[in-house]
Enquirer: 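There's a structure below that I have some questions on.
Atoms within each ligand, like the ligands themselves, are counted from 1 in listed order. The first residue of the sequence shown is numbered 1, and numbering continues consecutively from there.
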Amino acid sequence: MLPVVVIHGGAGTIPKERAGQATSGVCSAARAGYAVLQGGGSSMDAVVEAVTQMENNPSFNAGCGSVLNIKGDVEMDAIVMDGKTLGSGAVSAVRNIANPIQLARLVMDKTSHAFLTAEGASLFARSMCVPEVPQESLITEYARMRWEKNLAPGANPVESQMGKMGTVGAVAVDREGNLACATSTGGILNKMEGRVGDTPCIGCGGYADNNMGAVSTTGHGEAIMKVTLARLILFHMEQGQSAEVASDLGLACMKSRAGGLGGVVTVDPRGHWAARFSSQQMAWAAAQKDTLHYGVNAGEHFTQSIDEPR
Ligand code: ASP
C-alpha cells in the first residue's frame with residue numbers, strides 16, 4: 001500500500017471550461033509527488049513538491065492564480081506538518097513570493113517557531129534568500145476579472161466565494177511509514193486585508209500524526225476553523241473509523257454545526273486514503289501502486305496507469 005500521495009485542488013464549483021485544467025493539474029501534481037516517493041524521498045518532500053507544482057499552476061487559487069483581497073492584492077497562507085515529529089511550519093498573509101509552501105517548510109526547518117505572519121514572514125523570507133516576485137506575476141487575468149465582477153453593484157459575494165475555490169493540498173505516506181501534509185491558498189475572494197483563514201492554522205487546514213493519519217482541507221475557512229476540521233477527522237480515525245468514514249463525519253459536522261461546505265484528502269498510516277467533499281465538486285488525484293486515481297464530481301473515480309499521459 002505504500003508509498004501513497006493524495007492531492008486536492010480545492011472544494012467548490014468548477015466551471016465546465018476549467019474542469020479539464022483542474023484535473024490535469026492535480027494528476028500531474030500526484031505524479032510529481034509519487035516520483036519523489038518512488039525515488040526514496042520523504043513524505044514531506046513529496047507533499048511540498050506536489051503543492052509547489054500547483055502553486056506554479058495558474059489554474060489554482062494558490063501562488064500564481066491566487067484570488068484577490070478587497071483591495072485587489074494577493075495575500076497567501078500555507079502550512080506543512082510532519083507526522084513523525086509533529087513539527088509544523090506555517091505562514092499567513094504573505095505577499096510577493098511564488099511558493100508560500102516552501103516558506104512554510106523553512107519556518108518548520110529553520111526557526112524555533114511554528115507560524116510567521118505578514119511582514120515578519122517577509123523579513124524571514126528575505127533572510128532565507130527566497131526571491132521576491134512582483135505582485136503582478138501572481139495575478140492572472142481570470143483572478144482580476146473575478147475580483148472586478150465581485151465589486152460590481154449587485155454582485156453576490158458569498159455565492160462567488162463558494163463558487164470557485166482552488167486551494168491546493170496534499171497528504172502522503174512514504175516507504176518508511178512517515179506521514180506529512182501540506183496546504184496552500186490565496187484565501188477567499190474579496191477577503192479583508194489581513195484576513196487569515198483556516199489553511200495555515202494547525203488542525204484546521206492540515207494535520208499529520210504518524211499514529212493516526214494526515215489530512216489536508218479546503219472549503220469555507222471560517223467554518224473549517226469552527227470545527228477544527230483536520231483534527232476532527234483524525235479524532236474519528238483515532239476512535240477506529242476509516243479514512244473515508246472519518247472524513248465524511250468531519251464534513252457532515254462542518255455542515256450541520258457551522259453551515260459550511262468543503263473537502264478533504266485523508267490518509268491513514270497503512271496507506272488507506274480518501275478524497276471526500278460536501279461541495280459540488282473538488283478536483284482530486286491519488287497515486288499508489290503505480291496507479292493514478294482521479295475525479296472531480298461526486299461519485300467519480302477514474303483510474304489509469306501512472307505512466308499513461310492524461
Ligand atoms: N479554506 C480556504 C480559506 O478559507 C479557501 C479554500 O479552501 O478554497 O482561506
Enquirer: How far apart are the closest heavy atoms of Gln304 and Tyr294, and which atoms are they?
Expert: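 Closest approach of Gln304 to Tyr294, heavy atoms only: OE1-OH, 3.6 Å.
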Enquirer: Under a 4.0 angstrom heavy-atom cut-off, which atoms of ligand 1 come close to Asp198?
Expert: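 Counting from 1, the qualifying ligand atoms are 1 (N), 2 (C), 3 (C), 4 (O), 9 (O).
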Enquirer: Among His220, Arg195, Glu222, which one has a heavy atom closest to atom 4 (O) of ligand 1?
Expert: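 The nearest heavy atom belongs to Arg195.
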Enquirer: Is Glu193 salt-bridged to Arg95, cutoff N-O under 4.0 Å?
Expert: yes
Enquirer: Which of the numbered atoms in ligand 1 are under 4.0 angstrom from any heavy atom belonging to Thr167?
Expert: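 The atoms of ligand 1 under 4.0 Å from a heavy atom of Thr167 are 2 (C), 5 (C), 6 (C), 7 (O), 8 (O).
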Enquirer: Quick check for you: to the nearest 0.5 Å, what is the distance between Ser278 atom OG and Asp248 atom CG?
Expert: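 If I round to the nearest 0.5 Å, the distance is 9.0 Å.
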Enquirer: Could you tell me whether Ala11 and ligand 1 have an N or O pair separated by under 3.5 Å?
Expert: no
Enquirer: Could you measure the distance from the CG atom of Asn99 to the CD atom of Glu55? Nearest 0.5 Å is fine.
Expert: 4.5 Å
Enquirer: Give me each pair satisfying salt bridge (Lys or Arg N to Asp or Glu O under 4.0 Å) with a member in residues 126-137, each pair once, sequence neighbours excluded.
Expert: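 Pairs touching residues 126-137 that pass the test: Arg126-Glu132, Glu136-Arg144.
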Enquirer: Taking only heavy atoms of Ile188, which atoms of ligand 1 are found under 4.0 Å from at least one of them?
Expert: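 This gives 4 (O) as the contact atoms.
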Enquirer: Using a 4.0 Å heavy-atom cut-off, which part of Met76 comes near ligand 1: side chain, backbone, both, or neither?
Expert: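 Contact part for Met76 vs ligand 1: neither.
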Enquirer: Quick check on Gly10 - does any of its heavy atoms sit under 4.0 Å from an atom of ligand 1?
Expert: no
Enquirer: Return the minimal non-hydrogen interatomic distance between Met76 and Leu138, and the atom names on each side.
Expert: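 That closest heavy-atom pairing would be CE-CD1, 3.9 Å.
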Enquirer: When only distance counts, is Gly219 in polar contact with ligand 1, meaning an N/O pair under 3.5 Å?
Expert: yes
Enquirer: Under a 4.0 angstrom heavy-atom cut-off, which atoms of ligand 1 come close to Thr218?
Expert: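 Going through ligand 1 atom by atom, the ones under 4.0 Å from Thr218 are 6 (C), 7 (O), 8 (O).
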Enquirer: Donor-acceptor pairs are to be reported for all side-chain atoms of residues 170-182 against protein atoms at under 3.5 Å, with residues two or more places apart or in another chain.
Expert:
unit_1 : atom_1 : unit_2 : atom_2 : d
Asp174 : OD1    : Glu176 : N      : 3.1
Asp174 : OD1    : Gly177 : N      : 3.2
Asp174 : OD1    : Asn178 : N      : 2.9
Asp174 : OD2    : Ser43  : N      : 2.9
Arg175 : NH2    : Gln38  : O      : 3.3
Arg175 : NH2    : Gln38  : OE1    : 3.0
Asn178 : OD1    : Asn210 : ND2    : 2.7

